[in-house]
Amino acid sequence: MIQKMKKVKENNSLSGKDRLFEILDVLKKHDVFRGIDPVKLREILQELGPTYIKVGQILSNRPDMLPEEYIEELSKLRSNVNPMSYQEILDILKEEYDKKLFQIFLSIDRNPLGSASIAQVHKAVLKNGQEVVIKVQRRNIKETMIADIKVLKKALGILRVQKLFKNIVSFDEVLDELLNTTLEEMNFLTEALHINEFYQENKEIKYIKVPKVIKSLTTEKVIVMEYINGFNISQVDELKQNGYDLDEIGSKLADNYIYQAIDIGYFHADPHPNNIIITDGKIGYIDFGMMGRLNSRNKELLRQCIIAIFNNDIKEVERILLIIGDAKGEINHSRLCRDLQLILDKNKSMGIKDINITRFANELMNILGSNGIKLPKDITMLVRGIVVLEGTLETVNPEISLLQVFENRVKSTSIKSVLNKENMTKEVGHFMSSLGSLNRLPSDLHTFLKSTTRGETKFNIEVTDSNKFLDRFEKMIHRIVVCILDVAFIVGAALMVSNGINTSDQRFLFYLYVAVGFIFTVWLFIKMYFDKLNRKK
């Protein structure tokens with residue numbers, strides 16, 4: 001065993017050296033010393049093979065690190081990966097299933113359904129007649145990628161390629177992220193867990209289809225799942241011919257994706273057309289290698305940020321972005337606010353349906369990058385997912401505005417949070433405890449008014465925005481007046497009870513006092529509750 005391990009190590013070392021020269025030859029061939037552009041970068045990565053295609057795919061998901069033209073070009077790397085031979089697929093499967101391949105499968109299609117940088121997918125039939133798809137990991141792809149990343153770091157250092165990109169992208173950062181993503185994505189047992197969790201989160205949505213995993217046949221390198229027979233969402237003509245309503249498909253797809261992001265915080269991070277199938281009146285997601293997750297804190301901050309953007313509240317947008325993001329060095333707040341105001345003003349004159357979400361997202365990411373703010377990986381994955389989905393929706397129905405759906409979903413989520421049972425119980429508790437202090441209110445109010453007439457009352461006020469301050473002060477005065485009237489009606493009703501209610505006129509007046517006092521009390525409670533919500537925003 002020890003001798004065998006040494007032999008492998010020596011072979012990796014030799015291949016690493018050869019690979020380094022191969023990379024250098026490709027870089028020289030494309031004359032990177034004279035500069036780099038989006039097309040040249042894509043061609044280099046494509047020529048270097050699966051590891052580098054994966055680098056490009058990760059870069060295409062990082063609008064915070066690359067300009068829009070690079071993002072668009074690298075997005076083309078999703079296809080055109082050379083497939084493995086059919087015999088190689090069979091050999092890998094025999095290794096995984098201990099040579100009992102055809103005791104499990106009745107047949108395996110020779111032609112792949114798809115071939116990507118990490119794995120290849122084939123349709124197959126189990127012995128029991130069930131149609132399935134087999135996702136087979138490329139042989140030694142994990143070891144190859146780890147070795148390639150190390151070699152690539154050396155090559156980039158030797159050629160000083162980083163200087164060519166200046167502040168466009170940090171390759172060390174991308175490569176480290178690639179390594180971490182690769183290790184997670186290459187364990188198909190993890191992907192099986194993703195599929196199961198995604199199913200659980202969406203099982204109540206009748207129009208969403210998630211393939212079932214055959215757990216007994218799934219390993220780290222092979223995943224077997226239910227075959228979904230249908231139309232690719234980009235097959236618009238076929239969908240129309242089979243009676244599908246494209247407007248309905250687009251609306252439901254957009255609404256579900258925003259539900260994933262805002263409501264549950266667990267979303268499909270790569271919703272491009274090849275990963276979405278329309279089947280039996282349902283929208284089916286496939287390929288769960290890239291999933292994003294927002295923790296409850298970032299999910300709530302994102303919701304607040306969207307509301308602030310729609311309200312054109314620059315200060316609030318800046319505050320939230322600085323909480324979510326990781327700021328490098330000193331932040332020039334006036335510059336950041338000015339930059340944010342520019343892109344919001346650019347879109348303010350348009351209707352929300354006319355805003356180009358791709359351009360808006362890329363401009364926002366560029367502003368954050370130029371101001372030294374880095375967003376968490378899952379936030380950038382969501383931004384990229386939204387941009388990809390916008391492109392997918394354009395193939396189905398260009399009239400659907402993802403931003404409009406976003407706004408509607410955020411508003412409905414806000415209403416739900418207001419009506420949340422736990423929050424309501426807590427606030428009612430606060431309100432009931434406050435009622436216990438009502439008996440002290442008349443004497444306290446009397447003392448306050450007495451002090452005011454003597455000129456003894458002092459207000460310590462820090463004015464940062466005179467208009468906002470005057471609005472708030474006016475609201476406060478109005479509520480003090482309502483509060484005084486409320487107390488007057490409650491005290492009046494109490495005095496009537498203590499003195500006795502004998503006539504019909506007295507009963508009418510008593511009920512009137514109680515009713516008006518109740519209305520004022522409820523109104524004050526509602527105002528206090530919504531003021532608290534607004535402070536949180």
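One-based numbering along the sequence shown.
Side chains of L382 and L294 form a contact here, defined as non-hydrogen atoms less than 4.5 Å apart. Residues I386 and E390 form no side-chain contact, since every pair of their non-hydrogen atoms from C-beta on lies 4.5 Å or further apart. A 4.5 Å side-chain heavy-atom check between I314 and L344 finds at least one atom pair inside the cut-off. Here the side chains of V213 and N196 are not in contact, with every heavy-atom distance at 4.5 Å or above. Under the 4.5 Å side-chain criterion, counting only non-hydrogen atoms from C-beta, L340 is not in contact with L342. Between I320 and L302, the closest side-chain pair of non-hydrogen atoms is not below 4.5 Å. Two residues are said to be in side-chain contact when any heavy atoms from C-beta on lie closer than 4.5 Å; P271 and L389 meet this criterion. Inter-residue side-chain proximity for I223 and V136 is flagged as unmet; no heavy-atom pair is nearer than 4.5 Å.
A side-chain donor from one of H194 and Y266 sits under 3.5 Å from a side-chain acceptor of the other.
Few gaps surround NZ on K299; more than 12 heavy atoms of other groups in view lie less than 6.0 Å from it. The local environment of OH in Y199 is sparse, with at most 12 non-hydrogen atoms from other residues, nucleotides or ligands closer than 6.0 Å.
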| message | Using the rule given for side chain to side chain contact (heavy atoms under 4.5 Å, CB included), can you reason through I278 versus K282, listing the C-alpha separation, both sets of side-chain angles and the distance that settles it, and then say yes or no? | response | CA-CA 6 Å; I278 307 302; K282 296 183 178 181; over 6 Å; no
| said: Set out, in order, the CA-CA distance, both residues' side-chain angles and the distance that settles side chain to side chain contact (heavy atoms under 4.5 Å, CB included) for K374 and L368, then state yes or no. | reply: CA-CA 7 Å; K374 179 185 175 185; L368 293 177; over 6 Å; no
| field | Working for side chain to side chain donor-acceptor pair (under 3.5 Å), residues E318 and H333 | value | CA-CA 8 Å; E318 183 208 26; H333 294 278; 2.7 Å; yes
| Worked verdict on S334 versus N332 for side chain to side chain donor-acceptor pair (under 3.5 Å) | CA-CA 6 Å; S334 60; N332 185 330; 2.8 Å; yes
| query | Can R303 and E300 be said to form a salt bridge (Lys or Arg N to Asp or Glu O under 4.0 Å), step by step? | reply | CA-CA 5 Å; R303 186 186 68 80; E300 176 61 19; 2.5 Å; yes
| message | The test is side chain to side chain contact (heavy atoms under 4.5 Å, CB included); show your working for N371 and R335 and say whether it passes. | response | CA-CA 8 Å; N371 282 274; R335 177 192 167 192; 3.7 Å; yes
| How far apart are the C-alpha atoms of L364 and N362, what are their side-chain angles, what is the distance that settles it, and do they pass the side chain to side chain contact (heavy atoms under 4.5 Å, CB included) test? | CA-CA 5 Å; L364 181 60; N362 286 330; over 6 Å; no
| Derivation and outcome, side chain to side chain donor-acceptor pair (under 3.5 Å), residues Y285 and D270 | CA-CA 10 Å; Y285 288 93; D270 196 19; over 6 Å; no
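The CE atom of M84 sits 6.5 Å away from atom OG of S115, with the distance rounded to the nearest 0.5 Å. Note: R297 CZ to I323 CD1 = 7.0 Å, rounded to the nearest 0.5 Å. Separating the CD1 atom in I286 from the NZ atom in K209 is a distance of 12.5 Å, to the nearest 0.5 Å. Atom-to-atom distance recorded for I262:CD1 and Q260:CD is 11.5 Å, nearest 0.5 angstrom. Between L193 atom CG and F288 atom CZ the span is 13.0 Å, to the nearest 0.5 Å. Summarising the geometry, atom CD belonging to E43 is positioned 12.0 Å from atom CG belonging to L48; distances are rounded to the nearest 0.5 Å.
In this structure, P211 and I195 approach most closely via the heavy-atom pair O-CG2, 3.3 Å. Nearest heavy atoms, I233 versus T395: O-OG1, 4.4 Å. Contact record, L239 with F231: CD2-CB, 3.7 Å, taken as the closest heavy-atom pair. Nearest heavy atoms, L246 versus K240: CD1-CE, 3.3 Å. The nearest pair of heavy atoms linking E201 to Y259 is O-OH, 3.2 Å. The shortest non-hydrogen separation linking L393 to G250 is CD2-O, 3.5 Å.
F310 pairs with exactly one of I307, N312, D313, I306 by the side chain to side chain contact (heavy atoms under 4.5 Å, CB included) rule, that one being I306.
Proximity of a side-chain donor or acceptor of D245 to a complementary backbone N or O of E248 within less than 3.5 Å is detected. Under a 3.5 Å cut-off, the side chain of N232 and the backbone N or O of P273 do form a donor-acceptor pair. Put simply, the side chain of S234 never gets that close to the backbone of N274: no donor and acceptor are under 3.5 Å apart. Between the side chain of T380 and the backbone N or O of K377 there is at least one donor-acceptor pair closer than 3.5 Å. The backbone N or O of I205 lies less than 3.5 Å from no partner atom in the side chain of N202, so there is not a single donor-acceptor pair. Distance alone, capped at 3.5 Å, is enough to place a donor-acceptor pair between the Q137 side chain and the M186 backbone. In this structure, the side chain of H268 engages the main chain of D287 through a donor-acceptor pair within 3.5 Å.
Salt bridge status for R293 with E197: present, with a side-chain N to carboxylate O gap under 4.0 Å.
Relative to the six-membered ring of F188, K221 misses at least one condition, a distance below 6.0 Å or an angle of at most 45° to the axis.
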